[in-house]
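This report refers to the structure that appears directly beneath it.
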Amino acid sequence: MGIGTFINQSVRPAATPARRVRAPSGDLVLVAVVIALGIFGLLMLGSASPDFSQQTYGSATYIIIKQLAFMASGTLIAFGISRIDYHLWRKFAVPLMCVTVILLIAVLISNDVRNNAVRTFFGGSVQPSELAKLATIIYLSIWLYSKREHLHDIQLGLMPLAFILGAIGGLIVLQPDLSAAITIFILGGLLFFLAGGDMRQIILFCIVALAAGWLVVQFSSTGKARIGSYIAGLKDPLKSSSHVLWSLEAIYKGGWFGVGIGQATTKLIGLPFAATDSIFAVVVEELGLFGALGLTGLYAVLAWRGLKIAGQAPDSLGSVMAAGLTFWIVIEAAINMAVMVGLLPFAGNALPFVSAGGSNLLSTLAAIGILLNISRQSGQTASSRAGTGTTPESKERKMYSASVDLRRWNRRRSVSRTRRPANHAK
């Protein structure tokens with residue numbers, strides 16, 4: 001019984017092998033693709049930011065220098081986290097979530113209004129909603145693991161989950177940052193699904209989330225305007241929002257091969273937020289559709305390696321956490337690119353590793369650090385099993401029947417509940 005995904009190994013309960021041996025450090029392909037994305041991001045930001053940086057900060061290099069500092073700090077954070085056993089996050093999950101809630105409340109109290117929203121501290125340098133995404137994945141992965149035997153009970157599974165997501169998402173909506181709140185709910189539902197939540201509860205969660213989203217849009221002038229311009233754009237592209245029209249113009253100018261790095265003009269004459277939300281449009285104008293396909297390919301490789309790490313994780317905690325972190329990065333990238341071509345209503349999701357912004361970059365690199373640690377733990381576990389001759393599933397399946405079978409697509413879209421060993425059927 002199970003649900004097919006790209007992860008090709010069954011989820012198993014958290015357990016630390018008795019004997020471990022040294023294994024190579026992490027997934028080197030993942031490291032390579034992250035380095036490639038980081039270099040690419042700095043290159044494109046160096047092209048997209050000088051004009052805006054000069055007008056806003058009085059220095060054409062202010063944004064790129066700041067991004068370099070965040071990149072260096074994030075690299076150190078990723079390296080440090082990659083050396084921390086991901087099981088230890090069970091001790092830090094609650095304090096991390098408490099700090100996140102405090103920051104989300106504090107940013108509302110600070111009332112530092114920028115672009116008609118209250119989202120940041122310290123002149124726009126710190127955005128708590130980015131930390132909230134990472135903290136939510138870590139906390140929910142651990143919480144869902146601890147409740148894995150009760151996820152079929154709506155009072156112990158879905159209702160507490162809805163409360164957690166409602167509290168975090170509600171604080172973010174008040175800023176307002178609708179795109180971040182929506183991302184939080186998507187990630188929450190996805191983690192519940194991956195952890196083995198009952199399919200009826202998942203459907204109910206989707207219905208309630210859609211209803212809540214509709215209500216928020218009805219009472220939000222920003223949400224109404226974005227949905228209205230999106231629908232108008234679907235009927236007639238020329239009636240899209242000015243932001244999307246500028247983006248489409250940049251993409252049109254880029255053609256197949258682009259106008260060359262540093263040669264784009266749309267970023268100078270009207271494209272809003274060229275260094276942040278709209279940097280994908282700059283990429284396409286300067287590098288063309290082939291450049292955009294290359295960038296998309298890097299995210300695809302990141303998704304492949306992340307899901308492979310999830311599939312090979314030594315336990316269900318690592319599997320769900322790795323999958324959640326991977327989907328978060330890929331979803332952010334997909335939303336950003338889809339918005340720029342008019343496929344989704346306008347959202348403020350950053351393009352991971354490319355858009356200017358310290359909070360997003362630091363949070364994303366921290367997520368990469370966790371993924372690398374899970375990968376290292378998998379290598380150590382595999383080495384230990386090879387040394388002892390232990391069969392990977394013989395002992396664990398006697399103790400625990402997987403809540404969600406994360407094998408390749410098996411055409412049976414069902415989620416099995418936790419069962420007693422005697423009832424387990426291969």
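Not measured: the values here are computed from a predicted model. When reading the values below, keep in mind they use all heavy atoms of this one structure, side chains included, and skip hydrogens, waters and symmetry mates.
Using a 4.5 Å heavy-atom threshold, the side chains of Ile168 and Met97 count as touching. Counting heavy atoms from C-beta outward, Ile138 and Tyr86 have side chains that stay 4.5 Å or more apart. For the pair Leu104 and Leu131, the minimum side-chain heavy-atom distance is 4.5 Å or more. No side-chain heavy atom of Leu96 sits less than 4.5 Å from a side-chain heavy atom of Tyr139. The closest side-chain heavy-atom distance from Leu317 to His87 is below 4.5 Å. Residues Met321 and Tyr145 fail the side-chain proximity criterion, which asks for heavy atoms closer than 4.5 Å. Looking at Leu287 and Met44, their side chains come closer than 4.5 Å, going by heavy atoms from C-beta outward. With a 4.5 Å cut-off on side-chain heavy atoms, Phe327 and Ile186 do not count as touching.
Taken to the nearest 0.5 Å, the CD1 atom of Ile309 stands 5.0 Å off from the CG atom of Leu30. To the nearest 0.5 Å, the span separating CD1 on Ile368 from CD1 on Ile81 amounts to 11.0 Å. Between atom CG of residue Leu161 and atom CG of residue Leu140 there is a gap of 6.0 Å, rounded to the nearest 0.5 Å. Here Ser240 contributes atom OG and Lys235 contributes atom NZ; the two are 12.5 Å apart, rounded to the nearest 0.5 Å. Distance check: Tyr299 OH to Leu37 CG gives 5.5 Å after rounding to the nearest 0.5 Å. Atom CH2 of Trp143 sits about 7.0 Å away from atom CZ of Phe192, to the nearest 0.5 Å.
With respect to the salt-bridge test (charged N to carboxylate O, under 4.0 angstrom), the residues Lys267 and Glu285 do not qualify. Ion pairing of Lys253 with Glu286 is absent here, as no side-chain N (NZ or NE/NH1/NH2) approaches a carboxylate O to less than 4.0 Å.
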Q | From CA spacing to verdict: side-chain contact (heavy atoms from CB on, under 4.5 Å), Leu302, Phe353 | A | CA-CA 12 Å; Leu302 189 151; Phe353 305 105; 3.9 Å; yes
Q. After noting the C-alpha distance and the side-chain angles of Leu365 and Ile77, does the key distance pass the side-chain contact (heavy atoms from CB on, under 4.5 Å) rule?
A. CA-CA 7 Å; Leu365 286 172; Ile77 290 172; 5.9 Å; no
Q: Applying side-chain contact (heavy atoms from CB on, under 4.5 Å), run through Phe280 and Val354 and close with a yes or a no.
A: CA-CA 8 Å; Phe280 180 69; Val354 182; over 6 Å; no
Q: Test Asp177 against Gln127 for side-chain contact (heavy atoms from CB on, under 4.5 Å), laying out the working first.
A: CA-CA 11 Å; Asp177 190 348; Gln127 189 170 349; 3.4 Å; yes
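A donor-acceptor pair under 3.5 Å is absent between the side-chain atoms of Ser229 and the main chain of Ser241, judged by distance alone. Looking at Ser278, its side chain does come within 3.5 Å of a backbone N or O of Pro272 through a donor-acceptor pair. Remark: the backbone N or O of Ala350 is not paired with any side-chain donor or acceptor of Asn360 at under 3.5 angstrom. For Ser53 (side chain) and Pro50 (main-chain N/O), no donor-acceptor pair under 3.5 Å exists by modelled atom type. Listed for the Gln67 side chain is no donor-acceptor partner under 3.5 Å among the backbone atoms of Leu361. A donor-acceptor pair under 3.5 Å is formed between the side chain of Ser375 and the backbone N or O of Asp27. In this structure, Ser247 contributes its side chain and His243 its backbone to no donor-acceptor pair below 3.5 Å.
For the residue pair Ser355 / Asp277, no side-chain donor-acceptor distance below 3.5 Å is found, with atom types taken as modelled. With 3.5 Å as the limit, one finds no donor-acceptor pair spanning the side chains of Asn336 and Glu332.
Heavy atoms of other residues, nucleotides or ligands lying less than 6.0 angstrom from CZ of Phe79 number 12 at most.
Proximity of the aromatic rings of Phe257 and Phe290 is defined here by a centroid distance below 6.0 angstrom, and this criterion is met.
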